[in-house]
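We name chains A, B, ... by the order of the sequence lines, and we start the count at 1 in each one. The figures here come from the full heavy-atom set of this structure, side chains too, leaving out hydrogens, waters and symmetry mates.
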Amino acid sequence: MIKAIRGTRDILPPASSLWNHVEAATRKVCHGFHYQEIRTPIFEETALFARGVGAETDIVSKEMYTWDDRDGTSITLRPENTASVIRAYIEHRLDQIPGLKKLYYIGPMFRRERPQKGRYRQFSQIGAECIGSESPVVDAEIIELALDILQSCGVQNPHLLLNSVGCPACRPQFIEALRERLQSVKHTMCADCQRRADTNALRVLDCKVPEDQNIIDSLPSIQDHLCEACSKHFATVRTLLEALGIDYEIRSRLVRGLDYYTRTTFEVTHGALGAQNSILGGGRYDGLAESLGSRVPAPGIGFSIGEDRLVMAIEEHVKAEDLARLDVFLIAMGDAALHHAALLARELRAAGASVELSADHKVKRAMETANKLNAKYALILGDNEIAAGVYALKDMAAGTQESLSKEALLARFGA
RNA sequence: GCGCGUGUAGCUCAGUCGGUAGUAGCGCCAGAUUGUGGUUCUGGAUGUCGUGGGUUCGAAUCCCACCACGCGCCCCA
């Protein structure tokens, strides 16, 4: 048997209704903030990600699905979408269009990692980007958007972590200070940290080994090394978030894995997700456009939500079965009734109801099916009803049945 | 990519010291007289024991490899 390949999966009903629920809620919230959808290709030239995400990152150096096209061009399935969005922004000269570019996307991404709970090789991200402004107002707003999406999808108790990673003017100095300090203490740390101290000093801050935590707490904080402009920017973001009533935790150890981030970075974690407890990550990327070869600057900020993880976070209390609930199981008895029932089904659907027409001839069998499908109502249409000009509507949960005129029936479903 | 664990019916699982698979539960199908489900009762179907090798007279059981999933590491959504 051929099976879905490692790290990919089928999303079947009724679980797929959770995904629809999440995506519908996202679109609605995005509309409220006047973000509009952008759809970019799921594969791009490899160079886009190498330059955008950073050739030294794990994503680019070992996790991409890459192959050579027939003309020799190196092609890669997108591992994330921000680089593509900025590419589209530059390519189509969106900077020439008035106003800030506020874009959102929903779609699959690909990374060749070891699959785990909440980590797949094909996974879906919901993200948004606001391009064209360096203002901290935009930072606060996009964080608000991100949290609104989570909330409207039904995520309970999201935890917002906030940091600033500085800019090309101040971050190198911080890294230097960090590296210097590590030289004197790294021999007391775990093997991984000793390695990171030389290769990627920022990563030491992310270490989860309990014995290392005291040392890490004593390391220099980037908060103390921000330049004046970054410091002011960050202070304004915090003030705005507080004005919006958004709770956050400063996590000066929060460093992100993508090279393009500057200034504000943030992450949302959620319990009950296991080791992959990060549900959302984002940040500002003021230099990304230039590093992709743009002649015009395109400062921006964005985030992406792991849709698989988002669904996982809500499936305990948002029931997929209820989202895809069948309203009416329509039971027709006899050929005359069947003709009648098909037309009635059409009217009920027009009124907004979810309707299935029974294929069973025996009422008993049809009722059994209605029960198994968890229909709200069984609607019985036979010779008796046709003669009397009424419809027998049975409430499956209550077990009660009533005779209704067509008008009363349609009114029941909001027509 | 590394370490640990798991893999038997559609699902959850039992299976002794290696002796040729279970009346198991749930689900599914069919019945219990003619237009009414859920509870109950009766009957029934379904397995390459993850895959491929090896050891053995004999392997679901022991060994090896591979695959998939889970947990952790790395890293990240």
Short side-chain to backbone donor-acceptor contact, [X] and [Y], under 3.5 Å:
X	Y	answer
A/R349	A/V355	yes
A/R111	A/P79	yes
A/D286	A/P299	no

*Applying the side-chain hydrogen bond (donor to acceptor under 3.5 Å, both in side chains) test to A/Y104, which of A/H31, A/E129, A/R27, A/Q36 qualifies?*
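Testing A/Y104 for a side-chain hydrogen bond (donor to acceptor under 3.5 Å, both in side chains) against A/H31, A/E129, A/R27, A/Q36 leaves exactly one candidate, A/R27.
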
Taking only side-chain nitrogens and oxygens of [X], does any of them come within less than 4.0 Å of OP1 or OP2 of [N]?
X	N	value
A/R365	B/A30	yes
A/Q116	B/G72	yes
A/R112	B/G1	yes
A/R6	B/C69	yes

Tell me what [X] touches on the nucleic acid: a base, only sugar-phosphate, or nothing, going by heavy atoms under 4.0 Å.
X	result
A/E113	base
A/D308	nothing
A/Q401	base
A/G399	base
A/A378	nothing
A/I126	nothing

G-U wobble or Watson-Crick pairing nucleotide for [N] (cut-off 3.5 Å, both distances):
N	result
B/U12	B/A24
B/C2	B/G72
B/G7	B/C67
B/A30	B/U42
B/A77	none
B/U48	none
B/G37	none

Could you tell me the separation between the [atom1] atom of [X] and the [atom2] atom of [N], rounded to a whole number of Å?
X	N	atom1	atom2	answer
A/E80	B/C75	CD	P	18 Å
A/E129	B/A77	CD	P	12 Å
A/L379	B/G35	CG	C1'	14 Å
A/R114	B/G3	CZ	C1'	9 Å
A/D395	B/G37	CG	C1'	12 Å
A/I59	B/C74	CD1	P	16 Å
A/H270	B/A77	NE2	C1'	15 Å

*asked:* Need to verify one output field. Residue with the more 5' nearest nucleotide on RNA chain B, A/D383 or A/G7?
replied: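 It is A/D383 whose nearest nucleotide is closer to the 5' end.
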
Provide the distance between the two [atom1] atoms, one in [N] and one in [M], to the nearest whole Å.
N	M	atom1	value
B/G7	B/U61	C1'	14 Å
B/A45	B/U20	C1'	23 Å
B/G50	B/G44	P	27 Å
B/C76	B/C26	P	48 Å
B/C67	B/U48	C1'	16 Å
B/G53	B/A30	C1'	44 Å
B/A65	B/U55	C1'	15 Å
B/G19	B/C63	P	15 Å

The side chain of [X] lies closest to which of these nucleotides: [options]?
X	options	value
A/M333	B/C2, B/A77, B/G35	B/G35
A/K372	B/G72, B/C76, B/C28	B/C28
A/S278	B/A77, B/C74, B/G37	B/A77
A/M396	B/C75, B/C71, B/G37	B/G37
A/I380	B/U36, B/C76, B/C75	B/U36
A/E385	B/U36, B/G35, B/A77	B/G35

*Would you kindly say whether A/Q223 and A/N163 are connected by a side-chain donor-acceptor distance under 3.5 Å?*
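The answer is yes; a qualifying pair exists.
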
*Taking the inter-plane angle between the rings of A/H340 and A/Y391 on a 0 to 90° scale, is it parallel (under 30°), tilted (30 to 60°) or perpendicular (over 60°)?*
tilted

Base of [N] paired with side chain of [X] (donor-acceptor, under 3.5 Å):
X	N	value
A/N384	B/G35	yes
A/K394	B/U36	yes
A/N371	B/G38	no

*Residues A/R9, A/D308: salt bridge by 4.0 Å N-O rule*: yes

*Can you name the one residue among A/E144, A/R263, A/H233 that meets side chain to side chain contact (heavy atoms under 4.5 Å, CB included) with A/D139?*
A/H233

